[in-house]
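Notes follow the structure.
Position 1 is the first residue of the sequence; numbering continues from there.
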Amino acid sequence: MAESINYNAKYKDTLFRWIFGKDDEKGKQRRLELYNALNNSNYTDPNALEVTTLEDVICMSMKNDLSFLVDSKMNLYEEQSTLNPNMPLRGLMYFSRLYQVWLTKQDKDLYGRTVVKIPTPKYVVFYIGQPEIDDIVKLKLSDAFVVPDVSGEFEWTATMININEGHNNSLGKKCKPLYDYISYIARIRKNMQAGMEKHQAISSAVEWAIQNNLLGGFFAEQKAEVEDVSITEFDEELFIRNRRREGYAEGQTDKAIEAAKNLLRMKLLTAEQIAQAEGLSVEQVQALAAEMQE
């Protein structure tokens with residue numbers, strides 16, 4: 001029997017955003033540790049980070065997880081539990097809004113004769129979903145152009161970092177909060193693979209996190225809220241997968257086929273993985289690959 005889903009698109013912050021985006025002393029410290037781990041830097045003042053997070057951009061799926069300024073750079077960190085080849089376009093839209101906010105605060109004039117210097121953008125997508133991908137994947141906006149363009153004149157890149165357990169271990173070693181978060185998500189999945197029902201798997205993982213003092217007592221302090229957010233996030237992941245399967249069953253395969261073609265162009269996954277992600281048969285994906293090579 002398929003697992004029932006109570007999915008609300010207007011749910012509260014994701015656990016990742018809650019851990020690293022909260023504007024209290026612990027949240028600031030975790031943000032700083034994450035930034036230092038990604039950039040091999042050694043900043044020590046959490047208050048040096050100017051948070052510029054956007055709230056509810058267009059809709060839930062357009063809500064970025066974390067963005068901040070440091071050292072004249074604008075960093076936007078987002079977490080994804082499903083594989084999405086549209087991240088470069090999403091990032092472009094996010095940064096457009098962020099730059100609008102920044103320009104307004106700085107009272108900059110775009111119509112003057114002087115070049116307006118802007119913070120350097122960096123867009124990182126933390127991928128903690130299935131199917132598996134390489135440790136680091138560069139997604140480019142040009143992959144989505146209807147007419148191929150190799151000039152590089154109109155490019156935007158999303159750097160996707162696979163943080164599933166067993167990938168990019170050095171990053172987790174540099175940032176204990178990220179390591180603890182990854183360990184918690186991995187524990188939930190292991191519990192579910194062992195046959196636990198979703199709610200039980202999450203509750204058991206929270207108890208395990210409390211016993212091991214993950215995130216310095218965060219799970220003990222926010223036990224009920226963490227369980228609630230985790231259930232909603234896993235509902236969303238299941239909702240997206242079921243929606244794809246339902247669309248295929250109704251014969252609405254155009255979007256699935258187009259998405260499969262995009263994944264084939266990106267050369268990230270096997271035919272089996274693409275078929276699983278898009279609700280197609282392996283034979284269909286293999287036929288698409290052969291067609292694209294002609």
Side-chain angles (χ1 to χ4, degrees), residues 12-55 57 63-81 84 87-88 90-91 94-95 98 102 119-129 133-139 157-188 205 209 212-219 221-222 225-226 229-230 233:
K12 66 178 75 174
D13 283 344
T14 65
L15 185 58
F16 177 86
R17 183 181 171 115
W18 189 7
I19 292 169
F20 294 101
K22 197 170 182 180
D23 203 24
D24 57 13
E25 292 307 312
K26 291 182 179 179
K28 291 178 181 178
Q29 184 60 42
R30 294 181 194 125
R31 270 201 300 274
L32 185 64
E33 290 183 42
L34 184 61
Y35 179 87
N36 283 337
L38 282 170
N39 295 277
N40 293 315
S41 54
N42 55 2
Y43 290 97
T44 58
D45 181 11
N47 292 310
L49 304 182
E50 179 184 351
V51 178
T52 57
T53 301
L54 294 177
E55 300 291 342
V57 182
K63 187 175 182 181
N64 60 297
D65 285 334
L66 179 65
S67 67
F68 57 86
L69 287 167
V70 64
D71 195 23
S72 297
K73 297 176 182 177
M74 186 175 287
N75 302 266
L76 195 153
Y77 297 161
E78 183 172 8
E79 184 222 38
Q80 283 283 300
S81 59
N84 187 340
M87 299 313 294
R90 286 168 53 128
Y94 292 149
F95 274 93
L98 289 169
W102 184 85
T120 303
K122 183 172 184 180
Y123 182 36
V124 175
V125 179
F126 294 100
Y127 176 75
I128 196 161
I133 63 172
D134 291 339
D135 280 5
I136 296 178
V137 175
K138 299 282 187 178
L139 303 181
T157 303
T159 300
M160 184 174 286
I161 300 178
N162 188 353
I163 58 171
N164 281 294
E165 192 174 50
H167 294 269
N168 290 297
N169 294 329
S170 60
L171 187 60
K173 291 179 180 179
K174 294 177 183 177
C175 181
K176 182 63 162 54
L178 182 64
Y179 175 82
D180 287 354
Y181 169 71
I182 294 169
S183 299
Y184 168 68
I185 298 298
R187 189 75 178 192
I188 294 175
N212 289 274
N213 196 35
L214 266 60
L215 289 167
F218 172 82
F219 286 92
E221 297 167 4
Q222 310 287 346
E225 291 84 353
V226 168
V229 172
S230 299
E233 287 195 68

Note to self: Apply side chain to side chain contact (heavy atoms under 4.5 Å, CB included) to residues L171 and L178 and explain how you reach the verdict.
What the structure shows: CA-CA 8 Å; L171 187 60; L178 182 64; 3.7 Å; yes
Next item on the list: Given side-chain hydrogen bond (donor to acceptor under 3.5 Å, both in side chains), test D71 with Y43 step by step and report yes or no.
Entry: CA-CA 10 Å; D71 195 23; Y43 290 97; 3.2 Å; yes
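- Expressed to the nearest 0.5 Å, how far NE2 of H167 lies from CG of D135 amounts to 6.0 Å.
- Atoms CZ and OG, on R31 and S67 in that order, are 9.5 Å from each other to the nearest 0.5 Å.
- Put simply, the side chain of M74 does not reach to within 4.5 Å of the side chain of T120, judged on heavy atoms.
- Considering only heavy atoms from C-beta on, I19 stays 4.5 Å or farther from K26 through its side chain.
- Put simply, CD1 on I182 and CD on E165 are 8.5 Å apart, with the number rounded to the nearest 0.5 Å.
- Partner of Y77 under the ring pair (Phe, Tyr, Trp, His ring centres under 6.0 Å) criterion, chosen from Y127, Y94, F16, F68: F68.
- The number of heavy-atom neighbours closer than 6.0 Å to CZ of F95, taken from other residues, nucleotides and ligands shown, is above 12.
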Item checked: Step-by-step side chain to side chain contact (heavy atoms under 4.5 Å, CB included) determination, C175 to Y35 -> CA-CA 9 Å; C175 181; Y35 179 87; over 6 Å; no
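- Within the model, atoms CZ of R30 and CG of L34 stand 11.5 Å from one another, a figure rounded to the nearest 0.5 Å.
- Under a 3.5 Å cut-off, the side chain of Q80 and the backbone N or O of V125 do not form any donor-acceptor pair.
- Not one N or O on the side chain of N75 forms a donor-acceptor pair closer than 3.5 Å with the backbone of L69.
- Considering only heavy atoms from C-beta on, L76 stays 4.5 Å or farther from V124 through its side chain.
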Notebook entry, point to check: Can you check side-chain hydrogen bond (donor to acceptor under 3.5 Å, both in side chains) on N39 and K122, steps first, answer last?
Noted result: CA-CA 11 Å; N39 295 277; K122 183 172 184 180; 3.1 Å; yes
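- A donor-acceptor pair under 3.5 Å links the side-chain atoms of D45 to the main chain of N47, judged by distance alone.
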Check: Please walk me through it: do I136 and T159 pass side chain to side chain contact (heavy atoms under 4.5 Å, CB included)?
Finding: CA-CA 7 Å; I136 296 178; T159 300; 4.0 Å; yes
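- L38 contributes atom CG, which lies 12.0 Å from atom CD of E33 (distance to the nearest 0.5 angstrom).
- Other residues, nucleotides and ligands contribute only 12 or fewer heavy atoms inside 6.0 Å of the CG atom of N42.
- T157 contributes atom OG1, which lies 7.0 Å from atom NZ of K138 (distance to the nearest 0.5 angstrom).
- Between R17 and E78 there is no salt bridge, since no side-chain nitrogen of the basic residue lies less than 4.0 Å from a carboxylate oxygen of the acidic one.
- Relative ring orientation between W18 and F218 is described as perpendicular, the plane-to-plane angle rising above 60° on a 0-90° scale split at 30° and 60°.
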Next item on the list: Verify side chain to side chain contact (heavy atoms under 4.5 Å, CB included) between M160 and F126, making sure each step is shown before the conclusion.
Entry: CA-CA 6 Å; M160 184 174 286; F126 294 100; over 6 Å; no
Check: Where do K28 and D24 land on the salt bridge (charged side-chain N to carboxylate O under 4.0 Å, His left out) test, with the steps shown first?
Finding: CA-CA 6 Å; K28 291 178 181 178; D24 57 13; over 6 Å; no
